[in-house]
Amino acid sequence: MQIYLQYMHPFVIYGFPFLFFALFLLKWLSITPPKNMPPSPPKLPFLGNLHQLGLYPHRTLCSLAQRHGPLMLLHFGSRPALIASSADTAREIMKTHDVIFSNRPKLSISDRLLYEGKDVSTAPYGEYWRQMRSICVLQLLSNKRVQSFRAVREEEVALFMEKIRDQSCSLSLPVNLGEMFVSLTNDIICRVAFGRKYSTGEDGKKFGQLLGELMKLLGAFNVGDFIPWLTWVNGINGIDARVEKVYKEFDQFLDGIVEQHKRENRINGNHGSTLLLGEDKKDLVDVLLEIQNDNAAGVAMDETSIKALILDMFAAGTDTTYTVLEWAMSELLRHPRVMKKLQDEVRGISQAKTSITENHLENMHYLKAVIKETFRLYPPIPLLVPRESTQDVEIKGYHIPAGTLTFINAWAIGRDPALWEEPEEFRPERFLTSSVDFRGHDFQLIPFGAGRRGCPGITFAMATNELVLANLVHEFDWALPGGACLEDLNMTQCTGLTIHRKVPLLAVASTPIYIYKSGK
Ligand code: HEM
């Protein structure tokens with residue numbers, strides 16, 4: 001080899017390799033012209049931008065967007081992640097390019113807990129999801145179905161009010177509103193889904209704990225999803241074991257529920273559960289079994305799909321609903337002027353009736369404005385449920401490759417000074433003169449997301465939220481325990497997928513004089 005090299009012209013030795021390299025570089029550059037990617041904050045090897053997210057990713061991402069713009073490309077470990085932080089970019093993703101962004105990323109914890117994507121919320125975009133979604137929209141959460149559970153909501157709210165009366169008014173003790181909202185929303189969903197509650201005795205305690213653990217795990221961060229060679233971490237820190245335990249216990253529990261419904265339906269001739277329910281006496285498990293029997297779904301609906309759909313109702317519908325009530329009451333306690341105005345409206349419309357029913361709600365415009373304002377400042381899932389792009393696409397002149405994780409920062413959009421006057425102020429009046437709504441058409445207010453994968457549970461959630469809030473301010477006056485000042489109310493948020501209060505919301509209820517006068 002040495003000998004050969006001695007006789008070669010230097011051009012052959014040095015020039016050829018250089019020429020080859022230059023040709024390769026030219027070809028590579030001409031095949032892959034530089035793409036115009038969205039701005040990115042600097043990242044670290046392996047971690048990407050994960051280290052920057054902190055405890056409150058919606059806040060950190062909002063600050064980063066102020067520096068880098070409303071469309072950023074970050075990296076969560078090895079995965080590119082697009083972050084949209086303005087109404088305009090959210091519209092591009094959830095409306096203009098809705099189909100391309102209608103997939104959900106596969107995340108291992110939710111995948112395991114929600115039957116490997118056989119539910120609606122984590123199912124990949126495709127025929128199976130389409131069928132399950134249409135069952136949700138047309139059968140489980142339609143206006144008619146939600147209406148059929150009106151009696152359930154009104155009865156549960158009446159029991160909830162009785163508890164407050166017993167505890168706070170009679171004994172002048174503070175009530176833990178957060179805790180009470182959790183059991184109220186769980187009781188309502190349990191009755192709607194299963195035809196009975198699981199809130200008392202050993203069964204109730206176990207179910208409550210199981211549901212709490214399910215919600216915690218769904219909000220847990222799994223490092224292995226983003227840095228695959230760290231997948232082993234969850235085997236060591238106990239997350240894998242917890243996921244497996246919750247999955248198995250919930251699965252057994254749901255098996256029992258489905259079997260019991262099948263038995264009862266056989267006895268009652270397929271007319272649904274005999275337990276007290278909505279007007280048509282069918283709970284959601286009955287509805288799903290009926291679809292299975294009639295073979296009406298268009299795809300084979302096996303029992304796993306039934307269990308996955310029911311679990312979705314709990315996973316997507318409990319934490320989100322109670323969170324709104326908790327933040328709304330916190331802000332009402334901090335703003336006596338708003339509380340008074342709301343009480344005047346509700347008490348005026350009820351005309352000294354003992355309680356508020358759903359008939360009263362339609363004309364309560366200020367109540368609706370208070371709830372919208374709560375959604376604006378505290379969207380329960382601040383970064384919405386992640387999406388994933390299925391094709392390369394161009395947004396605002398930037399190239400977004402297929403397979404990009406996509407987050408919409410609804411929290412940042414709700415506080416964007418370009419869209420909202422004095423955005424940090426809790427001022428429901430802003431909605432009295434505006435037609436902006438949260439149903440997914442106005443991208444400045446998107447707590448329920450939008451487009452094909454937008455939340456199908458809006459009517460269900462709003463029916464509960466409006467009824468509970470109206471009753472709370474109708475019957476009681478509210479104060480912080482021990483005469484604490486309004487500024488003392490700790491508004492710290494917890495971490496996780498759904499953002500609720502970190503510190504329990506304690507408040508004292510008293511019965512206003514006008515209720516005594518009206519002879520209640
Ligand atoms: C205040 C209450 C609620 C909020 C803030 C909320 C929010 C959301 C959000 C942000 C999404 C993702 C939307 C998107 O990707 O564009 C979603 C999806 C979903 N929500 Fe809700 N939700 C609430 C209540 C409910 C209720 C009560 C139910 C059912 C009982 C429900 C069932 C679902 C389901 C099944 C999905 C998945 C839809 C799909 O992927 O096709 N949600 N929700």
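First listed ligand is number 1; within each ligand, the first listed atom is number 1. Just the heavy atoms: all of them, side chains too, but no hydrogens, waters or symmetry mates, feed the values below.
Checking only distances, D312 never comes within under 3.5 Å of ligand 1, N or O to N or O. The shortest N or O to N or O distance between T321 and ligand 1 is not under 3.5 Å. Below 3.5 Å of separation, one finds an N or O of A450 facing an N or O of ligand 1. Of the polar atoms of R453, at least one N or O is found under 3.5 Å from an N or O of ligand 1, judged by distance alone.
S86 and T89 share a side-chain donor-acceptor pair at under 3.5 Å. S108 and D111 share no donor-acceptor pair across their side chains, judged by distance under 3.5 Å alone. Counting only N and O atoms by type, the side chains of Q52 and N49 include a donor and acceptor under 3.5 Å apart. A donor-acceptor contact closer than 3.5 angstrom links the side chains of S305 and D302.
From the protein, the heavy atom lying nearest to atom 6 (C) of ligand 1 is F448 CD2, 3.6 Å. The protein atom (non-hydrogen) at minimum distance from atom 23 (C) of ligand 1 is T320 OG1, 3.5 Å. In terms of protein heavy-atom proximity, atom 16 (O) of ligand 1 is nearest to R387 NH2, 2.6 Å. In terms of protein heavy-atom proximity, atom 8 (C) of ligand 1 is nearest to C455 CB, 3.6 Å.
Interface of R133 with ligand 1, defined as ligand atoms under 4.0 Å from a residue heavy atom, comprises 38 (C), 39 (C), 41 (O). The atoms of ligand 1 that sit less than 4.0 Å from any heavy atom of L384 are 10 (C). Using a 4.0 Å cut-off to heavy atoms of V385, the atoms of ligand 1 that qualify are 11 (C), 12 (C), 15 (O). Proximity to G317 (heavy-atom distance under 4.0 Å) selects the following atoms of ligand 1: 25 (C), 26 (C), 27 (C), 28 (C). Remark: ligand 1 atoms within the under-4.0 Å shell around heavy atoms of R104 are 12 (C), 14 (C), 15 (O), 39 (C), 40 (O).
The aromatic rings of F253 and Y198 sit perpendicular to each other, their planes meeting at more than 60°, with 30° as the lower class boundary. By the 30° and 60° cut-offs, the orientation of the rings of F314 relative to F194 is parallel.
Nearest to atom 25 (C) of ligand 1 by heavy atom, out of A90, A193, A316, is A316. For atom 34 (C) of ligand 1, the choice among P456, P379, P447 with the nearest heavy atom turns out to be P456.
Residue contacts with ligand 1 for V324 involve side-chain atoms from C-beta outward but no N, CA, C or O (heavy atoms, distance under 4.0 Å). With a 4.0 Å cut-off on non-hydrogen atoms, F460 touches ligand 1 through its side chain and not its backbone. Looking at L141 against ligand 1, only its side chain comes within 4.0 Å, counting heavy atoms.
Side-chain N or O atoms of D187 include none that pairs as donor or acceptor with a backbone N or O of L184 at under 3.5 Å.
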**OP:** Check the pair F221 / F76 against ring pair (Phe, Tyr, Trp, His ring centres under 6.0 Å), numbers first and verdict last.
**Re:** CA-CA 11 Å; F221 178 77; F76 295 172; 8.0 Å; no
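Taking the ring centre of Y125 as origin, the terminal cationic atom of R133 falls outside the region bounded by 6.0 Å and 45° from the ring axis. For the pair R112 and Y247, the cation-pi criterion (under 6.0 Å, within 45° of the ring axis) is fulfilled.
Considering Y378, W327, Y322 as possible partners of H500, the one that fulfils the ring pair (Phe, Tyr, Trp, His ring centres under 6.0 Å) test is Y322.
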